[in-house]
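Treat the numbers as computed from the prediction; the structure is a model and nothing was measured. The basis for the numbers below is simple: all heavy atoms, side chains too, and nothing from hydrogens, waters or symmetry mates. Just so you know, ligand 1 is whichever comes first in the structure, and atom 1 is the first atom listed for that ligand.
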Amino acid sequence: MQYADLIIETHGRVAVIRLNRPKALNALNDNMMNELGDALYKFDADSNIGCIILTGSEKAFAAGADIAAMAKYDYTDTYGGNYIGRNWEHILNVRKPVIGAVAGYVLGGGCELAMMCDFLIAADSAKFGQPEIKVGVTPGAGGTQRLPRTIGKSKAMDMLLTTRMIDAAEAERTGLVSRVVAADKLMEEAIAVATTISAMPLSVAMQIKDSVNRAFETTLTEGVRYERRYFHAGFGTPAQKEGMSAFLEKRAPKFDGL
Ligand code: CO8
């Protein structure tokens, strides 16, 4: 896959998508978001891939949506013309696990994109913020919705209203990221974690992702009912037979992408 604003690699069953507009600190523009959707859908459909990593550079995962591109827009362009819109949410349609591996600036639309990943591994250099108010707009891709659900209302309001950035340690304390590692170990750690996930049965990983995401959209009772359907449906599948046989035979399970 060749893209203008992305670099693509694979490591065994792990795909790495790297945002690549270094001169603009990976500011997210229309072309990059279209390319990102294309790459995500291709890896989602590729049976050789079990987990996807989305990353940026050492200096910036992404410093937000591209202000130079947006500055000239009016309402007709954004809503009517469909810029800065639906192509931001392709990542939500991906069924395989997506890990965000973030370093440096994770700001505005960059923080919103990061929050659409399944979980985040952060370099100790990472700084998270929602500074949209300073460029005269409200967040548009979940900053006012996913951030308070993740880190709580008080800290989210503080970040959204003052533009205060939080560092990786504070992000880990609040649950925004799952692990913090030294900046020079970020990709090594992310690929190791993604390799662990891609050795698990893919069908079950996809069910877990779907069920966890369901938890944010429904009541507890309905969510547990949803989970239970997947649990029951898992019996009789090759993954369940292999996983439980391996346990009883005291050997490591071998799922091979089941
Ligand atoms: N857009 C465009 N270009 C950018 C952006 C950006 N968001 N951020 C940085 N750049 C560019 C700079 O213009 C500069 O370019 P040049 O060298 O040509 O002048 C280059 O990147 C390097 O930036 P700086 O010189 O500013 O680097 P510093 O290290 O001094 O500062 C900062 C780094 C603090 C990250 C600073 O660049 C900054 O404040 N950037 C803007 C951050 C921001 O406001 N982000 C939010 C943007 S709004 C948004 O994201 C809305 C999302 C809505 C999504 C809705 C979807 C439906």
Atom 8 (N) of ligand 1: which protein heavy atom is closest, and how many Å away? A63 CB, 3.5 Å

Atom 20 (C) of ligand 1 has as its nearest protein heavy atom K23 O, 3.3 Å

My question is simple, although I want it checked carefully: is atom 57 (C) of ligand 1 less than 4.0 angstrom from any protein heavy atom? yes

Using protein heavy atoms only, decide if any is under 4.0 Å from atom 25 (O) of ligand 1. no

Can you see whether D5 engages N31 through a side-chain donor-acceptor pair at a distance of less than 3.5 angstrom? yes

So for ligand 1, is G109 a polar contact partner (N or O within less than 3.5 Å, distance only)? yes

Might you check, step by step, whether the distance between atom 35 (C) of ligand 1 and some protein heavy atom is under 4.0 Å? yes

Compare P131, A60, A71, A68 and give the one whose heavy atom is closest to atom 46 (C) of ligand 1. P131

Atom 3 (N) of ligand 1 - nearest protein heavy atom and its distance: A27 CB, 4.0 Å

Would you say atom 28 (P) of ligand 1 touches the protein, meaning some protein heavy atom is under 4.0 Å from it? no

Ignoring hydrogens and geometry, is there a side-chain-to-backbone donor-acceptor pair from Q130 to L160 under 3.5 Å? no

Shortest protein contact, atom 37 (O) of ligand 1 (heavy atom only): L25 CD1, 3.8 Å

Do F61 and L107 come close enough that some side-chain heavy atom pair is under 4.5 Å? no

For E112, atoms of ligand 1 separated by under 4.0 Å from a heavy atom: 52 (C), 53 (C), 54 (C)

Just need the protein heavy atom nearest to atom 1 (N) of ligand 1, so name the residue and atom and give the distance. I67 N, 2.9 Å

Give a yes or no on whether R164 atom CZ has more than 12 heavy-atom contacts from other residues, nucleotides or ligands under 6.0 Å away. yes

Is there a protein heavy atom at a distance of less than 4.0 Å from atom 16 (P) of ligand 1? no

Measure across V94 and K209 and return the closest heavy-atom pair with its distance rounded to 0.1 Å. O-NZ, 3.0 Å

Under 3.5 Å, side chain of R21 to main-chain N/O of A27, donor-acceptor pair present? yes

Counting N and O atoms only, with roles assigned by atom type, does the side chain of K72 sit under 3.5 Å from a partner on the main chain of A69, one being a donor and the other an acceptor? yes

Region of L107 engaging ligand 1 - heavy atom pairs below 4.0 Å: side chain

Shortest protein contact, atom 51 (C) of ligand 1 (heavy atom only): E132 CG, 3.6 Å

Are N26 and N20 close enough that a side-chain donor and a side-chain acceptor fall under 3.5 Å? no

Counting N and O atoms only, with roles assigned by atom type, does the side chain of K155 sit under 3.5 Å from a partner on the main chain of T174, one being a donor and the other an acceptor? no

Could you tell me the residue and atom name of the protein heavy atom closest to atom 31 (O) of ligand 1, and the distance to it rounded to 0.1 Å? Y105 OH, 4.3 Å

Heavy atoms, side chains only, cut-off 4.5 Å: are V106 and M165 in contact? no

Would A65 count as a polar contact of ligand 1, with the cut-off being nitrogen or oxygen pairs under 3.5 Å? yes

Under 4.0 Å from atom 13 (O) of ligand 1, do we find at least one protein heavy atom? no

So, the side chain of N29 versus the backbone of D66: is there a donor-acceptor pair under 3.5 Å, distance only? no

Looking only at protein heavy atoms, what sits closest to atom 10 (N) of ligand 1 is A24 O, 3.7 Å

Assign the ring pair Y230 / Y226 to parallel, tilted or perpendicular, where the plane angle (0 to 90°) is split at 30° and 60°. perpendicular

